[in-house]
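Some notes on the structure that comes next.
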Amino acid sequence: MTTSSLCDSLPVLAIHGGPKVKTTPFGKGRRFDEAEAQEVLEALEQNTLFYHHGQKVKTFLRDFNALYGVQYSVAVSSGTAAIHVALGAAGVSVGDEVITSPITDQGTVIGILYQNAIPVFADLDPRTYNLDARSVEARITPRTKAIVAVHLAGNPCDMDALMDVARRHSLTVIEDCAQSWLCRYKGRLAGTIGDYGCFSTNDFKHISTGDGGIVTVNSGDEADYRATHAFADKNYRRFDANLRGDIAYLAPNYRMTELQGAVGIAQLKKLPGICETRHRYGERITEGIRDLPGIAPHGVTEGGWSSYWFYMLRGDFAAEAGQGRRARLSCTRAEFSQALAAEGIPNAPGYIPHVLYLNSMFRERHAYRGSHFPFDLSDARYEPGLCPVAEAILRDCVRLEVNEFYTPQDIEDIIAGIRKVAAYYARSDTVASPAA
Ligand SMILES: *Cc1c(COP(=O)(O)O)cnc(C)c1O
């Protein structure tokens, strides 16, 4: 379909009483079946649910290591825990600064603050919504110790650029792969490129163990592995003869149980199929909407392969209130979102409500109630305008669900819905640049 043919006949939007695009229910499916049930039963039959005595967490990690081609990984209780453990293993401590993305789950920064380190936010690429290495480099100070690179929504960061910055400044790189199972960058799996890779199996991710997580130890160094392992388990040295030996420093209990490990074994077998389907669907949406004026598809990093945890486009929408420049779409984002929903296409106008640094916790610098510690150890500031690209992304993004249970027809209907609504609101009289 060419751009000009969009203007020939404008169908009546469902929100104006016209027929809906989506007339059939979206595909649904069961995430858990007999395979998970069998594994859980076996876990119970072991008569222990402790990861170090049973076989389920060990098998889950062995399978994960084989899939990812890594030597060492540690199972933990959540993705948040995985990031905290990686930070602890890397020696991130009081007063250190850690550079990360302002568009992510809160779980990315929780561990930083529990180590009494300070999150510093760098700006993003306007198309891929991932860290811009130049902004990261500009925010390095003598206190900077690590980068937490969030691979958002299944799409890898520009790892060559980030690893280059990290190497030149001797920084640890922790990959937050919570949303990016089996995502690849130039043929390498995200989570195996930096020093540590952190995964989540919470119930909303590609695979679920209810809650859970994994940390990869990419140095391949056994001492590093043991320190990482101990950091997830109260700093007990499970591999040492003298388990209850000296506790050298503080570490939390983030252990995974055998029940989670059991479910994880069965879920991991389904993972490649889930990611392949999501990848195909996400790529198809891009192909189906890329010619629409005023709509920017979800960009994939050059050399990247996305497993699309969600699909997020940007629109050149009219400003919510009053004036502003002429946008290429005559509707606001809210109007676009409502019109699309009326067509039967579920979507959300936005992602997180605002960039992380605009939460009260940062603006008022209180991680711990009644205290400004550890923020008072750093000059890092948290105010509007700090990461203008990230703020713009959250203002004009529209998020669509991509789900492995959807049918190919569901994806075609999503595309048709977006095309119908975008065509209706497209302005023929504007020559503005596309959403940037
Ligand atoms: C889900 C998520 C986390 C946290 O994982 P939990 O298992 O919920 O603790 C961290 N980072 C990102 C980007 C996430 O999406």
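Just follow the structure's listing: the first ligand is 1, and inside any ligand the first atom is 1.
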Would you say Lys205 touches ligand 1, if touching means a heavy atom closer than 4.0 Å? yes
Give the residue, atom name and distance (to 0.1 Å) of the protein heavy atom nearest atom 3 (C) of ligand 1. Asp105 OD2, 3.4 Å
Tell me if the OH atom of Tyr351 is crowded by more than 12 foreign heavy atoms within 6.0 Å. yes
Among protein heavy atoms, which lies nearest atom 8 (O) of ligand 1, and at what distance? Asn202 ND2, 2.8 Å
Nearest protein heavy atom with distance in Å, relative to atom 10 (C) of ligand 1: Asp176 OD2, 3.6 Å
Parallel, tilted or perpendicular: ring planes of Tyr308 versus His298, cut at 30 and 60 degrees: perpendicular
Which one of Val98, Val136, Thr100, Val120 satisfies the side chain to side chain contact (heavy atoms under 4.5 Å, CB included) criterion with Ile147? Val136
N or O contact, Trp309 vs ligand 1, cut-off under 3.5 Å: no
Sidechain N-carboxylate O distance under 4.0 Å for Lys205, Asp105: no
Compute whether any side-chain donor of one residue and acceptor of the other, for Thr301 and Asp158, lie under 3.5 angstrom apart. no
Nearest to atom 6 (P) of ligand 1, what protein heavy atom do you find, and at what distance? Gly79 N, 3.4 Å
Considering only non-hydrogen protein atoms, determine which one is nearest to atom 15 (O) of ligand 1 and report residue, atom name and distance to 0.1 Å. Gln179 NE2, 2.8 Å
For Arg226 and Glu222, what are the C-alpha separation, side-chain angles and deciding distance, and is it a salt bridge (Lys or Arg N to Asp or Glu O under 4.0 Å)? CA-CA 6 Å; Arg226 290 194 175 199; Glu222 188 170 351; 3.1 Å; yes
Is the shortest N/O to N/O distance between Ser200 and ligand 1 below 3.5 Å? yes
Side-chain donor-acceptor contact under 3.5 Å, Tyr72 with Asp224: no
Numbered in order shown, the ligand 1 atoms found under 4.0 Å of a heavy atom of Ser78 are 7 (O), 9 (O)
One should read off an interatomic distance between Thr201 OG1 and Leu271 CG, to the nearest 0.5 angstrom, of 11.0 Å
May I ask you to check if ligand 1 and Thr201 share an N or O to N or O distance below 3.5 Å? no
Of all the non-hydrogen atoms in the protein, which one sits nearest to atom 9 (O) of ligand 1, and at what distance? Thr80 OG1, 2.5 Å
Using a strict cut-off of 4.0 Å, indicate which atoms of ligand 1 neighbour a heavy atom of Thr108. 11 (N)
